[in-house]
Amino acid sequence: MKDFLKLETHFKDHPKRYLHTLGVLEEALYLNQLFDLNLNLHDLEMACLLHDYAKIYSYEESIKLLEKYESKIIVEHLKKYPSVIHSVLGAHLIKDKFGVNKDVFEAVYYHTTGNKTMSTLSKVVYVSDCIEKNRNFPNVEFYRQAVHKNLDYGVYEISKGTIELLERLNQPIEPNTLETYEYYKEQF
Ligand code: DGI
Ligand code: FE
Ligand code: FE
């Protein structure tokens, strides 16, 4: 499966991350069937397999790499939200390395925060990341049920949960994270 990505080598020191990546793909393929989404399977595989591509780098390495792709202003903005950096950086790295298209780029770019104009592919990556079979945080079963009931409802519950978690941990909320929640809240 997509051997040219050499993911086993890329994630050789991060076996759990590699398994998570495969779990995201499995869940995304399931959702594509469940909801008859008709997603492009090449894009789906690329986005899922590569969504955490930049997760292997330290904070310092990530900032150095990010500076090649994003303006000073955006780098300074993202420094306030360290957990979000790998999604933005990952999108740039996989565009450079594998020439991924805009749909895959965006799905990876926004997989941590979501946004209000997410494509179906982006939504599927966003929710699969949270509920794939290797995830085992306390409420994961609730999120699985929400997503399997309705994809947009799943996005809503997950974005709500993310905001609640960040508030509990006193961590700053990136504007796209808030935007995702506000936008989907209107629908449910
Ligand atoms: O990379 P994964 O662990 O598979 O999952 P992810 O890319 O969804 O990252 C999840 C982490 O990102 C989780 O610890 C919450 C954090 N996060 C998501 N949105 C925001 C955020 N952190 C901050 N500070 N602000 C956000 O808006
Ligand atoms: Fe991630
Ligand atoms: Fe992930």
Atom pair SG (C48) and CG (L121), whose distance is rounded to the nearest 0.5 Å: 7.0 Å

For E106, give me all partners under salt bridge (charged side-chain N to carboxylate O under 4.0 Å, His left out), at least two apart in sequence or on another chain. K102

Verify the cluster assignment for L39 and V108: are they in a single hydrophobic cluster under the rule of side-chain heavy atoms below 4.5 Å apart? yes

If we only count heavy atoms from C-beta on, is the L29 to L41 side-chain gap below 4.5 Å? yes

Please determine whether residues L166 and F137 belong to a single hydrophobic cluster, defined as Ile, Leu, Val, Met, Phe, Trp and Tyr linked transitively by side-chain heavy-atom distances below 4.5 Å. yes

Heavy atoms from other residues, nucleotides or ligands near NZ of K64 exceed 12 (cutoff 6.0 Å): no

Throw together a table of side-chain donor-acceptor distances under 3.5 angstrom for residues 8-19, partners on residues two or more places apart or in other chains.
residue : atom : partner : partner atom : Å
H10     : NE2  : Y53     : O            : 2.7
R17     : NH1  : D52     : OD2          : 2.8

Y153: ring pair (Phe, Tyr, Trp, His ring centres under 6.0 Å) partners, not counting sequence neighbours: F188

Quick check for you: to the nearest 0.5 Å, what is the distance between S128 atom OG and R144 atom CZ? 11.0 Å

For E45, give me all partners under salt bridge (charged side-chain N to carboxylate O under 4.0 Å, His left out), at least two apart in sequence or on another chain. K2

Which is it for L22 and L49 under the side chain to side chain contact (heavy atoms under 4.5 Å, CB included) test, yes or no, and what are the steps along the way? CA-CA 7 Å; L22 298 181; L49 292 174; 3.9 Å; yes

Between E179 and K116, is there a donor-acceptor pair closer than 3.5 Å when you use the side chain of the first and the backbone of the second? yes

Say you draw a straight line from CZ of F98 to CG of L93; how long is it, rounded to the nearest 0.5 Å? 9.5 Å

Would you mind reporting whether Y57 and H86 have side-chain heavy atoms less than 4.5 Å apart? no

Partner set under side-chain contact (heavy atoms from CB on, under 4.5 Å) for L34, not counting sequence neighbours: Y30, L31, H148

4.5 Å side-chain heavy-atom contact, T21 and L25: no

Is there a side-chain contact between L5 and I94 (heavy atoms, below 4.5 Å)? no

Using the salt bridge (charged side-chain N to carboxylate O under 4.0 Å, His left out) criterion, which residues pair with K160? Sequence neighbours excluded. E157

L66: which residues meet the side-chain contact (heavy atoms from CB on, under 4.5 Å) condition with it, sequence neighbours left out? E70, V75, L78, I85, V88, L89

Begin from the C-alpha positions of V127 and Y143 and carry the test side chain to side chain contact (heavy atoms under 4.5 Å, CB included) through to its verdict. CA-CA 9 Å; V127 301; Y143 294 107; over 6 Å; no

Under the rule for side-chain contact (heavy atoms from CB on, under 4.5 Å), what residues qualify as partners of Y184, not counting sequence neighbours? M118, K123, D152, V155, Y156, T180, Q187

Looking at F105 and V100, what are the two nearest heavy atoms and their distance? N-CG2, 4.1 Å

Could you pull out the closest heavy-atom pair between T113 and Y126, with the gap in Å? C-CE1, 3.8 Å

Do the side chains of L50 and V125 join up, straight or via other hydrophobic residues, at under 4.5 Å, putting them in one cluster? yes

Residues in side-chain hydrogen bond (donor to acceptor under 3.5 Å, both in side chains) with N40, at least two apart? none

Under a 4.5 Å cut-off applied to non-hydrogen side-chain atoms, are N38 and T120 in contact? no

How would you list, by chain and number, every residue that makes a side-chain hydrogen bond (donor to acceptor under 3.5 Å, both in side chains) with D129, sequence neighbours excluded? H20, H51, R135

Is there a side-chain contact between I173 and E167 in this structure, where contact means two heavy atoms from C-beta onward sitting under 4.5 Å apart? yes

State which residues pass side-chain contact (heavy atoms from CB on, under 4.5 Å) with H77; sequence neighbours excluded, sorted by chain then number. K80, Y81, E174, P175

Cluster partners of L169, using ILVMFWY side-chain heavy atoms under 4.5 angstrom, listed by chain and number? L165

More than 12 foreign heavy atoms under 6.0 Å from CZ of F35: is that the case here? yes

Identify the two heavy atoms, one from A28 and one from L44, that lie closest to each other, and give their separation to 0.1 Å. CB-CD1, 3.9 Å

First locate atom CD1 of I131, then atom CD of Q145, and finally report the distance between them rounded to the nearest 0.5 Å. 10.5 Å

Do S122 and S119 get their side chains close enough for a donor-acceptor pair, meaning under 3.5 Å? yes

Going only through I, L, V, M, F, W and Y residues with side-chain contacts under 4.5 Å, is there a path from V24 to V124? no

With T177 as partner, the option from T112, N115, I163 fulfilling side-chain contact (heavy atoms from CB on, under 4.5 Å) is I163

Trace of the side chain to side chain contact (heavy atoms under 4.5 Å, CB included) decision for Y109 with N176: CA-CA 11 Å; Y109 194 101; N176 284 308; 5.8 Å; no

